[in-house]
Amino acid sequence: MDFKITKLEDNQRIDKFVKRALKDAPPSFIYKMFRKKDIKVNGKRVDIDYILKENDHVSIYIKEELLSEFKKEKKLTPVKANFTILYEDENILVVDKPKGLLVHEDESHCLYNMQNMVLNYLQKKGEWDKDDKTGFIPSPAHRLDRNTAGILIFGKNLPSLRQLLELFRDKEMIEKKYTLLVKGMTSKEGIIDLPLVKDSDKKLVRVDKRSKFAKEALTKYRRIKYFDSDYSLVEATLLTGRTHQLRVHFSYISHPIVGDSKYGDFKVNEEFLKRFSLKSQFLHATYFAFKDNLDGYLSYLKGKVFISKLSEKEEEILQGL
């Protein structure tokens, strides 16, 4: 296998590049290839941490039968692209994810998910080939729960996705805001500083101030409106990005999100189901901004803001309150 490194593929470690090219190969096999000098750059042996540069020639020497085993044909099930595009250029795709749709395929192997839709869309446009020998797959840079609607951002090439992942991890050059309806009257504004622990077996997250496994979780919020029926419409800004962070934080401070079946108030949920047919949490990713200090590959997006409007159902509920 021979590759010529393009601008979109440079500035990455050679072992990561090989892992994408041989997606199904175990790490031990790839490390063995480096030891046996079966991977060369510009005709020379390189260390496993070599950083690729544009125009480098990468050669991977592997038997044909092993290549077939470690580079299995990718299958892309045709799925209709049922989503609204908020912004798109050659590097990123910003979509408005509907409520009730998974971001990725889960253990149920449901193929009707956002990534599958986006891959079908990009393949139809000719911007991605499922048989791309480098192994790159356009992917979302962050997650939204199945029943959380709103802004979801995909990286369409490797350097864009890498920077997006860094931005969502560090959060110093981006800003994300959510709109949620909660039980009770919240403070006009505040910061929730409560560490979270994830229980993968129970698929739940909890506040735990003592566990060594707890991760810092910070949520900033302000009350937009209070309804006399004792509900608050809140705008929340994620200062960290933990699983179920908003749902657990607001539940812990006795202001559970309306409709939340895991962390919410059963009686409140039952009331909203009967009155408004609401079957999931009132939680919407409504705002995303690249800040003015944005640098790097995506620096041209500095100051760019994306807005996702509340759904008709959510607006109906607010009008009803």
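- Heavy-atom contacts from other residues, nucleotides or ligands closer than 6.0 Å to NZ of Lys220 number 12 or fewer.
- A continuous path of ILVMFWY side-chain contacts below 4.5 Å connects Val248 to Phe250, so both sit in one hydrophobic cluster.
- Side-chain contact between Ile5 and Lys53 is absent, with no heavy-atom pair separated by less than 4.5 Å.
- No side-chain donor-acceptor contact under 3.5 Å links Tyr31 and Asp15.
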Please tabulate, for side-chain N and O atoms in residues 165-180, each donor-acceptor pair with protein atoms closer than 3.5 Å (sequence neighbours left out).
from	atom 1	to	atom 2	distance (Å)
Lys171	NZ	Phe168	O	2.3
Thr179	OG1	Thr286	OG1	3.0

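- The environment of Lys209 atom NZ is sparse: at most 12 non-hydrogen atoms of other residues, nucleotides or ligands sit within 6.0 angstrom.
- With no hydrogens or angles considered, a side-chain donor-acceptor pair links Ser308 and His284 at under 3.5 Å.
- Asp230 is linked by a salt bridge (Lys or Arg N to Asp or Glu O under 4.0 Å) to Lys183, counting only residues two or more places apart in sequence or in another chain.
- Using modelled atom types, one side-chain atom of Ser232 and one backbone atom of Gly184 make a donor-acceptor pair closer than 3.5 Å.
- A donor atom on one side chain and an acceptor atom on the other are found under 3.5 Å apart for Asn157 and Asn91.
- Aromatic pair Tyr87/Phe288: ring centres not closer than 6.0 Å.
- Panel note: side chain Asn42, backbone His57; a donor-acceptor pair is recorded below 3.5 Å.
- Other residues, nucleotides and ligands place more than 12 heavy atoms under 6.0 Å from the NZ atom of Lys19.
- With respect to the salt-bridge test (charged N to carboxylate O, under 4.0 angstrom), the residues Arg143 and Asp145 do not qualify.
- Remark: side-chain polar atoms of Arg223 are paired, donor with acceptor, to backbone N or O of Thr186 under 3.5 angstrom.
- A distance of 6.0 Å or more separates the ring centres of Phe227 and Tyr231.
- Two residues are said to be in side-chain contact when any heavy atoms from C-beta on lie closer than 4.5 Å; Tyr252 and Ile192 fail this criterion.
- Side chains of Thr6 and Glu54: no donor on one and acceptor on the other come within 3.5 Å.
- Side chain of Ser139 to backbone of Ile137: a donor-acceptor contact under 3.5 angstrom is found.
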